[in-house]
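Here is how names work: the chains are called A, B, and so on, in the same order as the sequence lines, proteins then strands, and each is numbered from 1. Only heavy atoms go into these numbers, but all of them, side chains included; no hydrogens, no water, no symmetry mates.
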Number of protein chains: 2
Amino acid sequence: MNGHLYKCLNNANRRKILYCIGKEEKCVNEIAECLDLEQSLTSHHLKDLYDCGLIEKKRKGKRIYYKVSEPEIIEILEKGKELGDRLEKRC
Amino acid sequence: MNGHLYKCLNNANRRKILYCIGKEEKCVNEIAECLDLEQSLTSHHLKDLYDCGLIEKKRKGKRIYYKVSEPEIIEILEKGKELGDRLEKRC
DNA sequence: CACTTGTATAAATGACCGTTCATATGAATA
DNA sequence: TATTCATATGAACGGTCATTTATACAAGTG
């Protein structure tokens, strides 16, 4: 899923993960619990996000911590959300 | 495809259409020719974009003219492109 | 009204995506 | 080293998407 930014963003769970680790790094289980997702599914999405370059990872002992790789990613998400909301009202 | 902004943006042809009618309105055949797409496929994508609120339409005689419904849509596209390029280099 | 032009729509198909389940790997600890 | 905890991976599935083909509709023109 390399270089497919929009593909990565086109999934609510992946977007939630980005918001979840936008300000603070978290390990896989924390993320999974935070979003009420299965560990396996969380790992799959994290891989997609990582391959796309949207997140970074760092191992600490058994755990692997992920965080969003640059702040503008969250800004774009927020702009996208605002735009989406605005467009919906238009109808 | 109502309210699915990212789904709409997650397709190169639809993004090209947005760029194509970002500054000036064009009719379906002009868009199709401009992007070298079949008329039918162009219409399908235009419907998706329209249902999402990303574009507006206006009939003039036989032809129907489409244009992007607000400038920020193109801005977001450009920000997305910049981010995507930046993330690719990172790898 | 018949015809032409411009656009939309419906069905079909192959490809891709998200999720789940089962299993593997990797690191720490007893 | 055997076990446990944390995470990753692979296969399989049902669903969705993009595209093509064929056809319908809508508006102007002869």
Side-chain angles (χ1 to χ4, degrees), chain A residues 1-21 24-69 77 84 91, chain B residues 1-21 24-69 77 84 91:
Chain A
M1 191 170 297
N2 225 302
H4 298 92
L5 175 64
Y6 294 107
K7 177 155 45 172
C8 244
L9 297 184
N10 181 29
N11 175 272
N13 283 331
R14 283 194 293 266
R15 289 195 300 275
K16 284 181 198 165
I17 289 177
L18 288 176
Y19 280 119
C20 174
I21 56 177
E24 38 170 1
E25 62 180 22
K26 288 191 183 129
C27 72
V28 178
N29 276 326
E30 285 171 331
I31 298 167
E33 194 170 353
C34 181
L35 305 188
D36 196 34
L37 297 180
E38 302 244 338
Q39 175 269 316
S40 168
L41 181 55
T42 307
S43 275
H44 278 298
H45 284 318
L46 287 169
K47 177 176 187 345
D48 294 339
L49 292 164
Y50 182 77
D51 289 348
C52 195
L54 285 163
I55 61 178
E56 296 170 347
K57 64 174 156 184
K58 185 199 318 180
R59 180 179 280 277
K60 290 185 188 175
K62 286 191 273 195
R63 303 174 196 235
I64 300 183
Y65 286 81
Y66 287 90
K67 70 170 181 202
V68 168
S69 54
L77 270 180
C91 316
Chain B
M1 189 172 296
N2 227 303
H4 297 93
L5 176 63
Y6 294 107
K7 176 154 47 171
C8 244
L9 296 185
N10 181 29
N11 175 273
N13 283 331
R14 283 194 292 267
R15 290 195 299 274
K16 285 181 197 164
I17 289 177
L18 288 176
Y19 279 119
C20 174
I21 55 177
E24 37 170 1
E25 63 180 21
K26 289 192 183 128
C27 71
V28 179
N29 277 325
E30 285 172 331
I31 299 167
E33 195 170 353
C34 181
L35 305 188
D36 196 33
L37 297 180
E38 302 245 338
Q39 175 269 314
S40 168
L41 180 55
T42 306
S43 274
H44 277 300
H45 285 318
L46 286 169
K47 179 177 185 346
D48 294 338
L49 292 165
Y50 182 77
D51 288 348
C52 196
L54 286 163
I55 61 177
E56 296 170 347
K57 65 176 157 182
K58 186 200 315 181
R59 180 180 279 277
K60 289 185 186 175
K62 287 192 272 195
R63 304 173 194 233
I64 301 183
Y65 286 82
Y66 287 91
K67 70 171 182 199
V68 167
S69 55
L77 270 180
C91 316

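One interatomic measurement links the two molecules: CG of A/Asp51 to P of C/dC17, which rounds to 13 Å at whole-angstrom precision. Distance A/Leu49 CG to C/dC17 P: 14 Å, rounded to the nearest Å. Across the protein-nucleic acid pair, A/Asn10 atom CG and C/dC16 atom P stand 16 Å apart, rounded to whole Å. Between B/Glu38 atom CD and C/dG6 atom P there is a gap of 16 Å when expressed in whole angstrom units. Rounded to whole Å, atom P of C/dA8 lies 14 Å from atom NE2 of B/His45. Atom NZ of B/Lys58 is separated from atom P of C/dG6 by 19 Å (rounded to the nearest Å). Here C/dT4 presents its P atom at 17 Å from CG of B/Asn29, a figure rounded to the nearest Å. Computed from coordinates, the A/Tyr6 OH to D/dA18 C1' distance equals 19 Å when rounded to whole Å.
Separating the CD atom in B/Gln39 from the CG atom in B/Leu41 is a distance of 9.5 Å, to the nearest 0.5 Å. Taken from NE2 in A/His45 to CD1 in A/Ile17, the straight-line distance is 6.0 Å, to the nearest 0.5 Å. The CG atom of B/Leu35 lies 10.5 Å from the CD atom of B/Glu33; values are rounded to the nearest 0.5 Å.
Smallest separation of non-hydrogen atoms from A/Leu54 and A/Leu18: CB-CD2, 4.3 Å. What you find for A/Lys57 and A/Tyr66 is that their closest heavy atoms are CB-CE2, 3.5 Å.
Contact check, B/Asn13 against D/dT19: a side-chain N or O comes under 4.0 Å of OP1 or OP2. Remark: A/Arg63 is not in phosphate contact with C/dA28, judged by side-chain N or O atoms under 4.0 Å from OP1 or OP2.
For A/Lys62, taking side-chain heavy atoms from C-beta onward, the closest of the listed nucleotides D/dT7, C/dG26, C/dT19 is C/dG26.
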Can you tabulate the close N/O pairs, meaning under 3.5 Å, that link protein atoms to atoms of nucleotides 8-15 of chain D?
| residue | atom | partner | partner atom | Å |
| --- | --- | --- | --- | --- |
| D/dA8 | OP1 | A/Tyr66 | OH | 2.5 |
| D/dA8 | OP2 | A/Ser43 | OG | 2.9 |
| D/dA8 | N7 | A/Gln39 | NE2 | 2.8 |
| D/dA8 | N6 | A/Gln39 | OE1 | 3.4 |
| D/dT9 | O4 | A/Ser40 | OG | 2.8 |
| D/dG10 | O6 | A/His44 | NE2 | 2.7 |

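No donor-acceptor pair closer than 3.5 Å links the side chain of B/Arg14 to the backbone N or O of B/Leu9.
For the pair A/Lys60 and A/Glu25, the minimum side-chain heavy-atom distance is below 4.5 Å.
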